[in-house]
Amino acid sequence: MKILNFGSCNVDYVYSLDHITMPGETQNSNSLKLFPGGKGLNQAIAIARAGSNVHFAGCLGDGGEMLKDILSESGVDLSLVKTVTEKNGHAIISVSKDGENSIILYPGSNAMVTKDYVDEVLENFEKDDIILLQNEISNVDYIIEKAYKKGMCIIFNPSPFNDEIKKVDFSHISFLVLNEVEAKAVSSSDGVDEGIAYLQCTYPSLKIMLTLGSKGSVFIDGETKIYQDIFPVKAVDTTGAGDTFTGYFVSGISKGDDVSTVLKRSSVASGISVSRNGAATSIPCIAEVDKIIQNNK
Ligand code: RIB
């Protein structure tokens, strides 16, 4: 069984600030650093560092050389990546001294994913292969439709939430990985519990991996709910923490590990990433994660 991550890659311009800038306010930044990022790239690297083989598909644009380098150094298969002349996608990220962030995205190359390219990529996969998607590239709804017709197992992280997600047929999805804000948005609900209840009622076979910020995470499959606490750390930069969690989750599920083990590893990996700067650069390898789990037994 193969894993395909069809997603975005960004150059992250990370500005370190005292606090997140308020509307109408101007403030100086303390530093500017460039990091590889993008939800697709981050999650592909997390899957690879969690010990699984993963194919990455997506459009790399002008200025995206460092993105290709980190993907390849991390062991991600890049044979399906398309190079385009468009400027590479980027993100402008503010990080406060408490580790909170706010992000502006410029899609660039990530918006160049065409239906023809999707068809070409999916020819390399078959029934029961896993496909992981986020919402930072064009034609996500088309990819889901085609992957479903092939019988692939679709894992969807509806992030960032925007109107494009309304085109997605959620009945085609096997696993939904999302946070509380996204749970309310995809279900058009005011509350998280209400949103999850709506999703379960509307899509009874959907498995839901809900992250709850500082309250941990919960995996929901029908009547079964498995909770996991966070791995507490001093927050340096929360960027990419959700991507680290998702990548570890996908790797664990693909290996057939029991859900409690998958959640434990995902939570520790995501905690470690919060204690470091950057998104992709902060993702730990599985040996480091397992050592911490052993030491905390
Ligand atoms: O999830 C974090 C990522 O979101 C960043 O790396 C940034 O590129 C944006 O896509």
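Both ligands and their constituent atoms are indexed starting at 1 by order of listing. No experiment lies behind these values; they were computed from the predicted model shown. The first residue of the sequence shown is numbered 1, and numbering continues consecutively from there.
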Colleague: Is there side-chain contact between N88 and D62, with at least one heavy-atom pair below 4.5 Å?
Modeller: no

Colleague: Quick one: do the S159 and N157 side chains pair a donor with an acceptor below 3.5 Å?
Modeller: no

Colleague: Is the gap between the ring centers of F6 and Y117 under 6.0 Å?
Modeller: yes

Colleague: Just by distance, with hydrogens left out, do D119 and Y142 show a side-chain donor and acceptor under 3.5 Å apart?
Modeller: yes

Colleague: For ligand 1, would you mind listing the residues that have at least one heavy atom less than 4.0 Å away, ordered by chain and number?
Modeller: N10, D12, G37, G38, K39, N42, A91, I103, L105, E136, T239, G240, D243, A279

Colleague: So does G38 get a backbone contact from the side chain of Q134, meaning a donor-acceptor N/O pair under 3.5 Å?
Modeller: no

Colleague: Answer yes or no: is there a donor N or O on one side and an acceptor on the other, between the side chain of S109 and the main chain of G89, under 3.5 Å?
Modeller: yes

